[in-house]
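Below: the structure, in C-alpha cells.
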Amino acid sequence: MQGVIYADMLFFVNALIGYFLLRGAALLAGRITQDWRVFLGAAAAGASSMLLLLPPLPVWLMWGAKVGSAVLIVFISFPIHSVRSFLKCSFWYVFLNITLSGVVFAAAYYGSAIIQTNNLAVYFNISPVLLILCITGVYLTVQLCIWALGRPEGKKTVEFTACLAQGRISGEALIDTGFSVRDPITGTPAFLLSFPSVKAMLPQALHHQLTMYFEEGIIETGGVPLRLIPTQTAAGERALPAVRVQELWLEKEGKKKVCTQVCAVFTPERLAGGSFCAIVPSENG
C-alpha cells in the first residue's frame, strides 16, 4: 500500500525537524550559532528530503547524496573554524537524526503507519501532531541533559569581529575569566588571537610582518606599527606582537557589544587545537 506524498508538506515538515535537530546539535556540541544560519540549514534539510521523490539512484550516488547533504547542512548552520569542531557538530547532528528516526519508527510501528523508502530516505505517513510530539520529545530530552549536566566543556564562547585599519578578522572567541593582558605603556586592554587560525584573514602587510617575527624573530620597520607586549603563558613569560584594533565586536544570541581602545596580541600557537581562534577577557565579554 502506497500513500500520497505532497512535496510542500515534505519540505516544510523536514525543515521544521531540521531546525530542532540543529538547535539540539548546537547545545550538545557547545556551539553558538546565529539564527539565520540555523534557518538556512533547516531549509537545506528540507530540500534534502526531496531525495525521496527522485527515481531510484545507484547505491554509490545515494550515499554520496546523503553524506553530501549532511555536510552541507552542518557547514551552513555552524561557523566552522577547525576540522575538529566541524566533526563534533556533524556527529551530534547525525546522532540526533538517528535518535529521532528510532523514536518515529517506534511510533509508526505501533501505530501501523505507512512507511515508504527511496534513495536512503524514509517517509513515515503519520499525523503531524505525532511527528511534532516526537521531535519535541527529542529536543526537550537534549535540553534536560544540558540542564542537568551543563554545557559541554563549560566554555563560554562568542562570535567576534576585529576591525583593523586595512581589514577585518572574524571567528569564535573564548571568554576567559583568567585572561588579563594590557599594554604596559598605555594600559590598553588586549585580547589574544591565534596567528595560524586567522592568518588567511590578515592584511598582506601585517601577515608578512607577523610571519617574519614568528619565523625569524625580526620586526620590520616602515610597515604596520607593531608593539611587543609581555604575556604570561604556560610556557613562561614572553613578548608577543600586538596591533591596535579600531573596534572589537562581540555577538552572542543576537546581542552585540562593541569595544574600542583595545589591541590584538598574536600568538604562534593554535588555541585548544583550533576549537576557537581568540581569547577575550571577561571584562569585554
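Not measured: the values here are computed from a predicted model.
- Residue Gly167 comes nearest to Pro203 through the heavy atom pair N-CG, 4.4 Å, listed as atom of the first residue, atom of the second, then distance.
- In this structure, the separation between SG on Cys163 and CD on Gln246 is 7.0 Å, given to the nearest 0.5 Å.
- No side-chain heavy atom of Ile169 sits less than 4.5 Å from a side-chain heavy atom of Thr161.
- Distance CD1/Ile229 to CG/Leu192: 10.5 Å, rounded to 0.5 Å.
- Contacts of Tyr213 classified as ring pair (Phe, Tyr, Trp, His ring centres under 6.0 Å), with partners at least two apart in sequence or in another chain: none.
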Side chain to side chain contact (heavy atoms under 4.5 Å, CB included) evaluation trace for Leu210 with Leu202:
CA-CA 10 Å; Leu210 292 173; Leu202 295 175; 3.8 Å; yes

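- For the residue pair Gly41 and Ser77, the shortest heavy atom distance occurs at CA-OG, 3.2 Å.
- Considering all non-hydrogen atoms of both residues, Pro184 and Pro230 come closest at CG-CD, 3.9 Å.
- Every side chain to side chain contact (heavy atoms under 4.5 Å, CB included) that Thr188 has, sequence neighbours left out, goes to Asp183, Thr186, Arg244, Cys263.
- Of all the heavy atoms in Ala44 and Ile73, the pair that sits closest is CB-CG1, 3.8 Å.
- Counting only residues at least two apart or in different chains, salt bridge (charged side-chain N to carboxylate O under 4.0 Å, His left out) contacts with residues 189-199 are absent.
- Between Arg37 and Ile76 the shortest side-chain heavy-atom distance does not fall below 4.5 Å.
- Here the CG atom belonging to Leu22 is positioned 9.0 Å from the CG atom belonging to Leu96, to the nearest 0.5 angstrom.
- Between Phe195 and Phe266, the ring planes lie perpendicular to each other; the angle is over 60°, past the 30° to 60° tilted range.
- Residues meeting the side chain to side chain contact (heavy atoms under 4.5 Å, CB included) test with Val71, sequence neighbours left out: Val67, Phe86.
- Residue Pro189 comes nearest to Arg182 through the heavy atom pair CD-NH1, 3.5 Å, listed as atom of the first residue, atom of the second, then distance.
- Taken to the nearest 0.5 Å, the SG atom of Cys89 stands 12.0 Å off from the CZ atom of Phe75.
- Screening Leu248, Val265, Leu250, Ile279 for a side-chain contact (heavy atoms from CB on, under 4.5 Å) involving Phe191 leaves a single residue, Leu248.
- With a 4.5 Å cut-off on side-chain heavy atoms, Phe214 and Pro241 count as touching.
- The CD atom of Glu159 sits 5.5 Å away from the CD atom of Glu172 when rounded to the nearest 0.5 Å.
- Checked by atom type, the side-chain pair Glu247/Trp249 shows a donor-acceptor distance below 3.5 Å.
- A search for side chain to side chain contact (heavy atoms under 4.5 Å, CB included) contacts involving Ala173 returns Val158, Phe160, Ala278, Val280, not counting sequence neighbours.
- Applying the salt bridge (Lys or Arg N to Asp or Glu O under 4.0 Å) criterion to Glu269, with sequence neighbours excluded, gives Arg238.
- In this structure, Arg227 contributes its side chain and Ala242 its backbone to no donor-acceptor pair below 3.5 Å.
- Between Trp92 and Phe95, the distance separating the two ring centers is shorter than 6.0 angstrom.
- Contact check for Leu193 versus Cys277: no side-chain heavy atoms found under the 4.5 Å cut-off.
- Side-chain contact between Pro268 and Pro196 is absent, with no heavy-atom pair separated by less than 4.5 Å.
- Under the ring pair (Phe, Tyr, Trp, His ring centres under 6.0 Å) criterion, Phe91 pairs with no residue at all, not counting sequence neighbours.
- Under the 4.5 Å side-chain contact rule for hydrophobic residues, Ile175 and Val258 do not share a cluster.
- For Glu215, the side chain to side chain contact (heavy atoms under 4.5 Å, CB included) criterion is met by Thr211, not counting sequence neighbours.
- By the side chain to side chain donor-acceptor pair (under 3.5 Å) test, Ser194 is found to be paired with Ser197, residues two or more places apart in sequence or in another chain being considered.
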